[in-house]
Number of protein chains: 2
Amino acid sequence: MTTAQETERAADSALSNPSAVGLVAVIVAATDGEPRALTVQVGGQARGRSDGLPAGPLVPEHPTLERGLRAWVERQTHQRLGYVEQLYTFGDRDRQGDDGGGLHSLSVAYLALVRELRPAGLAEAAWRNWYHYLPWEDWRAGRPNSLGEIEAKLLAWAECAGDPKQRRRREDRLGLTFGLCGGAWNEERVLERYELLFEAGLIPEAQGQSGEAHDADLTVTGQPMALDHRRVLATAIGRLRGKIKYRPVVFELMPPTFTLFQLQRTVEALSGTNLHKQNFRRLVAQQGLVEETDGVTSGATGRPARLVRFRREVLLERPAPGFRLRPARRPA
Amino acid sequence: MTTAQETERAADSALSNPSAVGLVAVIVAATDGEPRALTVQVGGQARGRSDGLPAGPLVPEHPTLERGLRAWVERQTHQRLGYVEQLYTFGDRDRQGDDGGGLHSLSVAYLALVRELRPAGLAEAAWRNWYHYLPWEDWRAGRPNSLGEIEAKLLAWAECAGDPKQRRRREDRLGLTFGLCGGAWNEERVLERYELLFEAGLIPEAQGQSGEAHDADLTVTGQPMALDHRRVLATAIGRLRGKIKYRPVVFELMPPTFTLFQLQRTVEALSGTNLHKQNFRRLVAQQGLVEETDGVTSGATGRPARLVRFRREVLLERPAPGFRLRPARRPA
DNA sequence: GGCACAATGCTCAGTTTGAGCATAAGTGAG
DNA sequence: CTCACTTATGCTCAAACTGAGCATTGTGCC
């Protein structure tokens with residue numbers, strides 16, 4: 001058979017092997033210096049409800065994936081989406097658990113940034129701090145305490161590997177993702193960390209039922225989510241943390257005017273690290289990302305801060321504006 | 001209706017609204033300092049054959065998307081895949097042309113890097129220089145001549161916009177993507193450039209039939225491809241150009257040992273720009289990306305070069321190794 | 001007025017970059 | 001064998017960028 005014929009047959013085959021395709025959204029806002037994701041309650045039945053991300057099917061009415069997503073999210077959460085970007089397509093055959101049959105089940109995940117945090121339209125929809133689900137990712141108050149326990153369990157997991165080579169590989173991965181064994185913490189490797197924890201059996205979702213976490217887990221390995229939604233969230237956070245370094249997407253999360261410190265707090269919330277204040281403002285100034293307004297803050301303690309606004313023009317000027325995050329070295 | 005109920009219904013709905021899902025691969029190799037993609041001939045019938053990317057359906061036998069891709073590509077092109085990464089999921093409803101019905105047609109696109117350029121197993125599979133399809137992306141010999149003609153047509157397109165505001169927006173986009181009107185060329189914006197050309201009507205694929213390009217187009221707007229495969233290719237190139245800056249993926253394209261200049265040629269081939277030789281080697285040395293071997297090149301003219309090999313260890317040491325590309329300023 | 005507090009201004013040494021000059025080590029021609 | 005040519009490799013230098021911290025400026029509060 002020729003390649004051309006194979007390709008033809010492939011196309012036919014695709015039509016006769018349809019798959020169920022869903023859309024998932026990680027909708028992010030940042031208010032009061034906290035990063036939040038919009039969550040819904042899923043699984044009303046016996047299995048117990050759990051947090052999940054807004055998700056829905058791809059229906060034929062939608063001309064494009066992205067528009068399908070917007071329509072769906074707006075109906076389900078009453079939240080209008082601004083910036084939207086495709087994240088990843090998750091598609092393991094047994095993704096949704098008991099799939100048995102021949103139907104693949106894909107989820108096309110999207111990341112959306114919204115400017116204001118409305119009281120989350122419906123009762124079932126709620127804004128949750130995303131570190132609630134991935135506590136080890138928040139280093140703003142220094143190395144999270146929970147990492148101690150996680151570290152111990154991960155090292156034990158590496159220890160009990162089959163052969164020395166596998167063990168060595170596991171240790172390498174620990175160093176690379178969690179900064180153990182002499183490695184450094186890289187705030188972008190959110191997904192790799194989650195998947196490592198998953199493999200190590202520290203993530204309740206791995207065992208099927210997701211609602212049965214001990215209280216301890218909530219502060220150490222975080223609140224579970226339905227299906228693979230925590231993985232999707234981890235993907236989103238990692239992507240966003242990378243993106244703010246070379247594109248001014250943070251502004252999608254800011255109100256029309258804000259102070260430089262509010263901006264810094266938002267960047268810190270997303271990246272999970274602290275930044276050096278003076279250098280941060282120098283960076284923003286150099287890049288020409290913002291322009292001053294007449295306004296200043298008032299009421300709070302301390303010297304009032306100038307209000308600034310995002311300069312849309314930078315999108316045309318600078319080839320790749322963004323924040324290269326330089327963490328403020330904190331006194332260990 | 002509650003959100004939970006909606007979500008439930010959504011899941012049911014997904015099952016009753018299946019979609020056809022396909023896989024597409026951009027398989028990249030770099031030999032002799034040229035960036036190449038593996039192409040196949042598609043559309044054997046009346047419409048005339050045209051170049052396309054290896055593609056196939058997602059069949060239920062495949063446990064994961066990526067494994068499905070590997071299996072499919074290896075059968076279709078006899079090319080074993082090494083590094084594979086998901087690119088994007090393309091899913092406009094009318095993507096495949098006359099879709100009319102309610103069935104969505106998605107394509108999950110992957111980028112694969114292969115080390116050696118084998119003679120392309122089958123007759124219908126061929127390695128093609130990717131600038132054959134996107135000639136304006138190759139700036140290694142200076143600004144491509146074809147950009148002159150493209151620029152003229154794009155400016156005319158901006159000119160004939162409906163209202164002044166739209167015209168202004170179009171000009172901004174030209175500056176941002178093609179560096180016209182005072183903007184700078186950013187080699188990563190491959191997809192944006194392609195889509196702009198598409199919108200401006202300079203891409204034959206936009207008109208449906210894809211085989212009927214004039215000879216002129218081949219050197220100016222490039223060789224067309226089947227379906228939206230050129231868009232997929234553009235996505236891949238843009239992604240790869242971005243990625244080599246912070247991850248040492250180039251090495252996936254290199255033979256076991258190579259010279260620093262070969263490495264530079266490969267990076268240049270991918271990025272489409274020229275680099276400053278001395279600074280490039282300083283960068284590679286600083287990053288500790290390679291280690292020397294005993295070998296040296298021989299036969300060629302000029303002083304023999306030391307052969308080096310990739311240091312796998314850097315993956316564990318450096319948080320984000322890669323090449324920040326610093327173009328060699330060429331005498332206009 | 002004096003204090004606490006946050007915003008903003010400014011300095012300074014250590015690196016990193018961009019560019020280019022200089023030297024080394026092969027090949028082929030005469 | 002020597003010269004011309006070519007590519008590899010070493011090294012310099014000024015400019016720009018970074019990381020860290022000190023100093024000063026406005027405000028609300030007692």
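Only heavy atoms go into these numbers, but all of them, side chains included; no hydrogens, no water, no symmetry mates. Here the structure is a predicted model, which means the values were calculated and not measured. Each chain gets a letter, A, B and so on, in the order the sequences are listed, and its residues count up from 1.
In this structure, B:Asn279 places its CG atom 14 Å from P of C:dT16, rounding to the nearest Å. Nucleotide D:dA8 holds its C1' atom 12 Å from the CD atom of B:Gln264, rounded to whole Å. One atom, CD of B:Gln286, and another, P of C:dT15, lie 12 Å apart when rounded to the nearest Å. Remark: C1' of D:dG21 and CZ of A:Arg281 are 15 Å apart, rounded to the nearest angstrom. Rounded to a whole Å, the CZ atom of B:Phe280 is 15 Å from the P atom of D:dG10.
Here the side chain of B:His276 is nearest to one of D:dG21, C:dG20, C:dT17, namely C:dG20.
The CG atom of A:Leu111 sits 11.0 Å away from the CD atom of A:Gln86 when rounded to the nearest 0.5 Å. Going from atom CG of B:Leu155 over to atom CD1 of B:Ile150 covers 11.5 Å, rounded to the nearest 0.5 Å.
For the pair B:Lys277 and D:dA8, the criterion of a side-chain N or O lying under 4.0 Å from OP1 or OP2 is met.
A donor N or O paired with an acceptor N or O is found under 3.5 Å between the base of C:dG18 and the side-chain atoms of B:Arg282.
For the contact set between residues 254-262 of chain A and DNA chain D, defined by any heavy atom under 4.0 Å, there are no members.
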Output a table of nitrogen or oxygen pairs between the protein and nucleotides 23-26 of chain D separated by less than 3.5 Å.
residue : atom : partner  : partner atom : Å
D:dT25  : O2   : A:Arg303 : NH1          : 2.7
D:dG26  : N2   : A:Arg303 : N            : 2.5

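Considering only residues two or more places apart in sequence or on other chains, B:Tyr131 meets the ring pair (Phe, Tyr, Trp, His ring centres under 6.0 Å) condition with none of them. Under the salt bridge (charged side-chain N to carboxylate O under 4.0 Å, His left out) criterion, A:Arg169 pairs with no residue, sequence neighbours left out. Remark: A:Glu192 pairs with A:Arg189 by the salt bridge (charged side-chain N to carboxylate O under 4.0 Å, His left out) rule, at least two apart or across chains.
Tested against B:Glu252 for a salt bridge (charged side-chain N to carboxylate O under 4.0 Å, His left out), the candidates B:Lys243, B:Arg115, B:Arg247 yield a single pass: B:Arg115.
Applying the salt bridge (Lys or Arg N to Asp or Glu O under 4.0 Å) definition to pairs two or more places apart or across chains, those involving residues 261-274 of chain B are B:Arg265-B:Glu268.
Among the protein residues, B:Arg306 comes within range of the sugar-phosphate backbone only, with heavy atoms under 4.0 Å from sugar or phosphate atoms but none that close to a base.
Using a cut-off of 4.0 Å between Lys/Arg side-chain N and Asp/Glu carboxylate O, B:Arg239 and B:Glu188 are scored as not salt-bridged. Ion pairing of B:Arg193 with B:Glu187 is absent here, as no side-chain N (NZ or NE/NH1/NH2) approaches a carboxylate O to less than 4.0 Å.
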